[in-house]
There are 2 protein chains.
Amino acid sequence: MTPVQLFKCLADETRLRLVLLMQAEGELCVCELMAALGESQPKISRHLAQLRNCGLLQDTRRGQWVYYNIHPSLPGWASSVIDSATNAEAGRLSALRSSLKAMADRPVCC
Amino acid sequence: MTPVQLFKCLADETRLRLVLLMQAEGELCVCELMAALGESQPKISRHLAQLRNCGLLQDTRRGQWVYYNIHPSLPGWASSVIDSATNAEAGRLSALRSSLKAMADRPVCC
DNA sequence: TTTACATATTCGAATATCCATATATAATGC
DNA sequence: GCATTATATATGGATATTCGAATATGTAAA
């Protein structure tokens, strides 16, 4: 993962919000991410696939749900970049977390 | 300047190299940046204009030369992002600095 | 095995990005 | 003024990105 690759990943509102939310909340499934961001399923899924292909995310299937989280072996400089964005987006991030909390019927799985 | 705007700026090899080199060396003029990166004048100039329009760079004309540097009032989170990229690109950055040092007839101005 | 739910992928259109080439502007020196 | 050097911008083509809509896959439960 090069810096340019990471910056391309984060240079899109949807992908940045996905990454910041997972950084704050830990692993989340696709339907939780859809609810928190208020975006369509194909849109979320497409961006998640892109982030996974770059090595930024890890995915795990549990039953019918697929959980994504920040890849645990991300290099330190990449984590620092995400942390800096978290600081800059503190307000919008807490709004995302509220939307997630407000989601009805969050899957409780495994 | 939002995080997505910054990441778009840094999501291109040429622009990232420009920013890292100026972060390391302080202000540089267009011809120095051309020599260090080995890229054409219009290409360098176009990317510099883009970085200036985003608020990432500041420019000053001194005689026939235009000097660019990292904008002094860049928010802290943005500087941190650039620092993280500097850490990740240490090798390529020092190569850039060598090319700059090897440039003949660097303008000594004002 | 049929149905329902969760997620992934394909397709085509709209838009954005990047480049090389050519040309324009701006400052300096004669 | 005219020539030279430094920098900026306009144009058009190639490629990449993003999206919505439609469809495919995968899992579980009836």
Side-chain angles (χ1 to χ4, degrees), chain A residues 2 4-19 21-22 27-54 56-69 100 103-110, chain B residues 2 4-19 21-22 27-54 56-69 100 103-110:
Chain A
T2 69
V4 167
Q5 284 175 320
L6 175 63
F7 293 140
K8 278 189 179 148
C9 282
L10 301 181
D12 173 274
E13 285 287 348
T14 303
R15 288 195 297 272
L16 181 61
R17 294 197 296 158
L18 288 171
V19 167
L21 186 57
M22 281 181 276
E27 73 172 11
L28 293 169
C29 72
V30 178
C31 59
E32 290 173 317
L33 294 164
M34 288 170 54
L37 272 68
E39 302 279 359
S40 73
Q41 183 270 320
K43 184 166 172 178
I44 295 289
S45 190
R46 194 159 6 94
H47 285 298
L48 287 172
Q50 201 171 333
L51 291 168
R52 174 176 21 88
N53 293 339
C54 289
L56 201 53
L57 299 184
Q58 200 182 39
D59 64 337
T60 318
R61 177 176 280 276
R62 293 217 193 85
Q64 23 180 359
W65 293 281
V66 177
Y67 283 79
Y68 284 86
N69 61 350
L100 179 62
M103 175 188 179
D105 301 319
R106 288 179 66 180
V108 189
C109 164
C110 313
Chain B
T2 69
V4 166
Q5 284 175 320
L6 175 63
F7 293 139
K8 279 189 178 147
C9 283
L10 302 180
D12 174 273
E13 285 288 347
T14 304
R15 287 195 297 272
L16 181 61
R17 293 197 297 158
L18 288 170
V19 167
L21 187 56
M22 281 182 276
E27 73 173 11
L28 293 169
C29 72
V30 178
C31 58
E32 290 173 317
L33 294 164
M34 288 170 55
L37 271 68
E39 302 279 359
S40 73
Q41 183 269 320
K43 183 166 172 178
I44 295 289
S45 192
R46 188 165 17 91
H47 285 299
L48 287 172
Q50 201 172 333
L51 291 168
R52 175 175 22 88
N53 292 339
C54 289
L56 202 52
L57 298 184
Q58 201 182 37
D59 64 337
T60 317
R61 178 176 279 276
R62 293 218 193 82
Q64 24 180 0
W65 294 281
V66 177
Y67 284 79
Y68 284 87
N69 61 350
L100 179 61
M103 175 186 179
D105 300 320
R106 288 179 65 181
V108 190
C109 164
C110 313

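Throughout, protein chains are lettered first and strands after them, A, B, ... in sequence-line order, and every chain is numbered starting at 1. What you see is a predicted model; the values in this text were computed from it and never measured. Below, all heavy atoms of this structure are taken into account, side chains as well, without hydrogens, waters or symmetry copies.
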What are the two closest non-hydrogen atoms of B/Glu32 and B/Met103, and how far apart are they?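 Between these two residues, the closest heavy atoms are CA-SD, 3.7 Å.
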Has B/Arg52 got its NZ or CZ under 6.0 Å from the middle of the six-membered ring of B/Tyr68, at an angle within 45 degrees of the ring axis?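 That pair does not qualify as a cation-pi contact.
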In whole angstroms, how far is the [atom2] atom of [N] from the [atom1] atom of [X]?
X       : N      : atom1 : atom2 : result
B/Asn53 : C/dT17 : CG    : P     : 13 Å
B/Met34 : D/dT7  : CE    : C1'   : 9 Å
A/Leu51 : C/dA8  : CG    : P     : 12 Å
B/Gln64 : D/dA3  : CD    : C1'   : 13 Å
B/Tyr67 : D/dT7  : OH    : C1'   : 13 Å
B/Arg62 : C/dT28 : CZ    : P     : 13 Å
B/Arg61 : C/dT28 : CZ    : C1'   : 11 Å
A/Asp59 : C/dA6  : CG    : P     : 18 Å

With the side chain counted from C-beta on, respond yes when [X] and [Y] share a heavy-atom pair under 4.5 Å apart, and no when they do not.
X       : Y        : value
B/His47 : B/Leu16  : no
B/Asn69 : B/Thr60  : no
A/Leu48 : A/Leu33  : yes
A/Leu28 : A/Arg106 : yes

If you restrict it to nitrogen or oxygen atoms, what contacts under 3.5 Å exist between nucleotides 18-20 of chain C and the protein, and what is each distance?
residue: C/dC18; atom: OP1; partner: B/Asp12; partner atom: OD2; Å: 3.4
residue: C/dC18; atom: OP1; partner: B/Arg15; partner atom: NH2; Å: 3.3
residue: C/dC18; atom: OP2; partner: B/Arg15; partner atom: NH1; Å: 3.2
residue: C/dC19; atom: OP1; partner: B/Lys43; partner atom: NZ; Å: 3.0
residue: C/dC19; atom: OP2; partner: B/His47; partner atom: NE2; Å: 2.7

Out of C/dA6, D/dT7, D/dA8, which has the shortest distance to the side chain of B/Cys29?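 The answer is D/dT7, which lies nearest to the side chain.
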Between B/Tyr68 and D/dA6, is there a contact of a side-chain N or O with OP1 or OP2 at under 4.0 Å?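 False: B/Tyr68 side-chain N/O out of range (4.0 Å or more) of D/dA6 OP1/OP2.
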Do side-chain atoms of B/Arg62 reach the backbone of B/Gln64 as a donor and acceptor pair under 3.5 angstrom?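 No, the answer is negative, given that no donor and acceptor are paired below the 3.5 Å cut-off.
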I'd like to know if A/Gln41 reaches the base of C/dA8 with its side chain, counting only an N/O donor and acceptor under 3.5 Å.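 Side chain to base: pair found, below 3.5 Å.
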